[in-house]
Number of protein chains: 2
Amino acid sequence: MGRPTTKDLAKAAGVSLATIDRVLNARSGVRQATVERVHAAIKQLNYVRDISAANLARSKDYKLVFLLPSHDDEFIDTILAAISEANTALLHERTQISVIRAPANDPHRIAEEIDGLSTDDVDGIAIMAPETPPVRDAISNLEARGIAVVAFVSSQPNAESADFVGINNEAAGRTVGQLMARFTGERRGAVLVVTDTMQARDSQERRLGFDAIMAKYAPRLRVLASMETYGDPARTAQIINAGFQANPDIAGIYLMNHDLSETMKAVDAQGAPPECVIIGHELTPEARARLRGGSLDAVITQDVGHLVRSSIRVLKAKMASLGTVASQERIRIEITMRENMPENGAPV
Amino acid sequence: MGRPTTKDLAKAAGVSLATIDRVLNARSGVRQATVERVHAAIKQLNYVRDISAANLARSKDYKLVFLLPSHDDEFIDTILAAISEANTALLHERTQISVIRAPANDPHRIAEEIDGLSTDDVDGIAIMAPETPPVRDAISNLEARGIAVVAFVSSQPNAESADFVGINNEAAGRTVGQLMARFTGERRGAVLVVTDTMQARDSQERRLGFDAIMAKYAPRLRVLASMETYGDPARTAQIINAGFQANPDIAGIYLMNHDLSETMKAVDAQGAPPECVIIGHELTPEARARLRGGSLDAVITQDVGHLVRSSIRVLKAKMASLGTVASQERIRIEITMRENMPENGAPV
DNA sequence: TATTTTCTGAGGTACGTGCCTCATAAAATG
DNA sequence: CATTTTATGAGGCACGTACCTCAGAAAATA
């Protein structure tokens, strides 16, 4: 015979379907002793709720929201594409995804957006935002209102309720370090490290990992202090220029944030020597083109499609208070070079 | 209002539910004109079948089978683990997975196993086997019997009906080539290429890609002819020994097949110099340990968990004759070094 | 036109669960 | 013991689809 159903459960526990239902859905009106009897039966029969049937009966759709930064860059675009792809794929599974945007550097606006969500509109939310006190509070409120939360790409280490879906940024930094150490062969010289801001926790962690490996495996290289662009093209051009002027022996460049177009433009303007090793993050269209053309040596990638789907799975699991297949939700730190670049379109 | 249902369809097409049902499930007894009318309504309303409800009504489980080689090595073990993990995860989704085994080098036994499957026991099968005429024929028969097929890890290029779930092996070879070229710095010397057999298409493709990149980017290295172990430990020790004797200047070793324990043991016995770059395939426990210890520099990985889940998705989609989200089924060629190795357990 | 054959509609039951109401049994309270 | 409160059972409708039967309409054939 097939899987046990609620009926089998009722028989095994010696109670009625109504009571099974009350226990399963944590409704009140059941004596503790009975609750335990039902749970014993669940374990004994190895009962698992049929979620399809449950959702069908409830005729409920999962309403999920992704909160993303409001500025547009190629990485965000990739995420949006992955979300829209997931949305079509999940039409079959009673899941609707929407996106809201808030300025990344305005914690109060972000918190406002979060606070504005009601249980009627949203069952779960994936939040991509730097950790700040207002955001942390807003996340706690969500939890209190019974809305599931995951931290998406940027971790929220102090919001316990928010599972993190993203890569280990320190390990990512170490990986870049190892590639930099090996790709530069035996050469000596300076290594530039560029990012938009070192305020972001991600950048700090990446830098930490990178430095550790460089110190250990490539002491021949001088790793310079992080250069911050603040996302400003003019400033970017200027600091890159200054970096090249001050260091005629640049052997490598680490582009630490996920949008490399402005920085690479500035590097192009300076004319980096062909043997200079350049490594960045995220497989954006620009990165793709540059990998193909050879002006970029490798990028560290977090599989955006996987990030999105993983978030959705985690959110659903939290809503259904089911266990998650943990290993499935671990995001890989991927290394992409010209040779192993996926052909096109959204990543796997 | 929510998604359109069969009732909405019936109303829109001006027919009854019974007719809708006949059309949706391709039953007979509907005039061609009516069929077209229904299809038009489907398009117009953008109707998508609710698969959960359908399966619920049919009270049908998907029965899937993985056909794997009968010998045991760590890669196969990893696959088995991934399958069992998927199996628990998919309990919720009316999917049962079983595994059958057949000797990899006995095409007729494989074909027998395949022929032995009946529609009663199996709805779809993922086949990991070298392409041979008997297997190809057996696959055609499956198709005729209405059983969905995917080629798993090993492609079946001449079996049209079998979608392939696995990596592009030529690109994988190119990737190894690029890593080998860069990791060896400016050094000169010989490169050993070891595999179990060059009969396998996978090995041929990997070698092809590897050679192309080595010729282009590292002409300073002498890439030797492929050494075949035939899976025999004694022979492995002997040929590795011979390789080291004949080439005192070994700069790199490419372990082309997915089980590297025997070969690495033989290499250990010879005492490879520390700067010798060794690259293999698949993140088995042995590979993990060696990456951590430093005796292995990198492995090319196909995410086994992803392979398994992808196969399952493709099989289900074929059975339901639904479109697949193509990009989701593309398997990445991953590069794993010590720094970006996933912590433990089954891969993502 | 009469007859047969092929389509089509109407309506039912089922799948496993959620969620509701109503009645009754058991326990706790006065 | 009488009364109130709390637990529980019984039963039904709903979700969206599959699949069955039966009757009747339309089309094809004689």
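In what follows, chains carry the letters A, B, and so on, assigned in the order in which the sequence lines appear, proteins first and then strands, with residues in each chain numbered from 1. Bear in mind that the values here come from a model prediction, so they are computed numbers and not experimental data.
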Range-with-range stems for DNA chain D, at least three Watson-Crick or G-U pairs under 3.5 Å: C:1-30 with D:1-30
Protein and nucleotides 15-17 of chain C: nitrogen or oxygen contacts under 3.5 angstrom:
from	atom 1	to	atom 2	distance (Å)
dC15(C)	O2	Leu56(B)	O	3.3
dC15(C)	O2	Ala57(B)	N	3.0
dG16(C)	N2	Ala53(A)	O	3.3
dT17(C)	OP1	Tyr47(A)	OH	2.8
dT17(C)	OP1	Asp50(A)	N	3.2
dT17(C)	OP2	Thr6(A)	N	2.7
dT17(C)	OP2	Thr6(A)	OG1	3.1

Between N or O atoms, less than 3.5 Å apart, protein on one side and nucleotides 24-30 of chain C on the other: list the pairs.
none

Gap between atoms CZ and P, on Arg27(A) and dT8(D) respectively (whole Å): 15 Å
All side-chain hydrogen bond (donor to acceptor under 3.5 Å, both in side chains) counterparts of Arg109(B), not counting sequence neighbours: none
Can you list the residues that meet the salt bridge (charged side-chain N to carboxylate O under 4.0 Å, His left out) rule with Glu131(A), with sequence neighbours excluded? Arg136(A), Arg201(A)
Nearest to side-chain heavy atoms of Ala18(B), which nucleotide of dT8(C), dG11(C), dA10(D): dG11(C)
Can you pull out every ring pair (Phe, Tyr, Trp, His ring centres under 6.0 Å) where at least one residue sits in residues 134-156 of chain A? Sequence neighbours excluded, please. Phe66(A)-Phe152(A)
Per the salt bridge (Lys or Arg N to Asp or Glu O under 4.0 Å) rule, what does the pair list look like for residues 25-48 of chain B, sequence neighbours excluded? Asp21(B)-Arg27(B)
How close or far is atom P of dT8(D) from atom CD of Gln32(A), stated in whole angstroms? 10 Å
So what does Arg22(B) touch, heavy atoms closer than 4.0 Å: a base, only the sugar-phosphate, or nothing? base
Applying salt bridge (charged side-chain N to carboxylate O under 4.0 Å, His left out), can you list everything that pairs with Arg58(A), at least two apart in sequence or on another chain? none
Does Val135(A) offer a backbone N or O that forms a donor-acceptor pair with the side chain of Gln156(A) under 3.5 Å? no
Not counting sequence neighbours, which residues clear side-chain hydrogen bond (donor to acceptor under 3.5 Å, both in side chains) with Glu334(A)? List them please. Arg332(B)
Rounded to whole angstrom units, what separation is found between the CD atom of Glu36(B) and the P atom of dC7(C)? 14 Å
Not counting sequence neighbours, which residues clear side chain to side chain contact (heavy atoms under 4.5 Å, CB included) with Ser28(A)? List them please. none
So do the side chains of Pro4(B) and Leu9(B) get within less than 4.5 Å of each other, counting heavy atoms only? no
Measuring to OP1 and OP2 of dG9(D), would you say a side-chain N or O of Thr19(A) lies under 4.0 angstrom away? yes
Quick one: Asp8(B) CG to dT17(D) C1', roughly how many Å, whole number? 13 Å
Using the salt bridge (charged side-chain N to carboxylate O under 4.0 Å, His left out) criterion, which residues pair with Asp72(A)? Sequence neighbours excluded. Arg101(A)
Taking ring pair (Phe, Tyr, Trp, His ring centres under 6.0 Å) as the cut-off, I'd like each qualifying pair that reaches into residues 7-60 of chain B, sequence neighbours left out, listed once. none
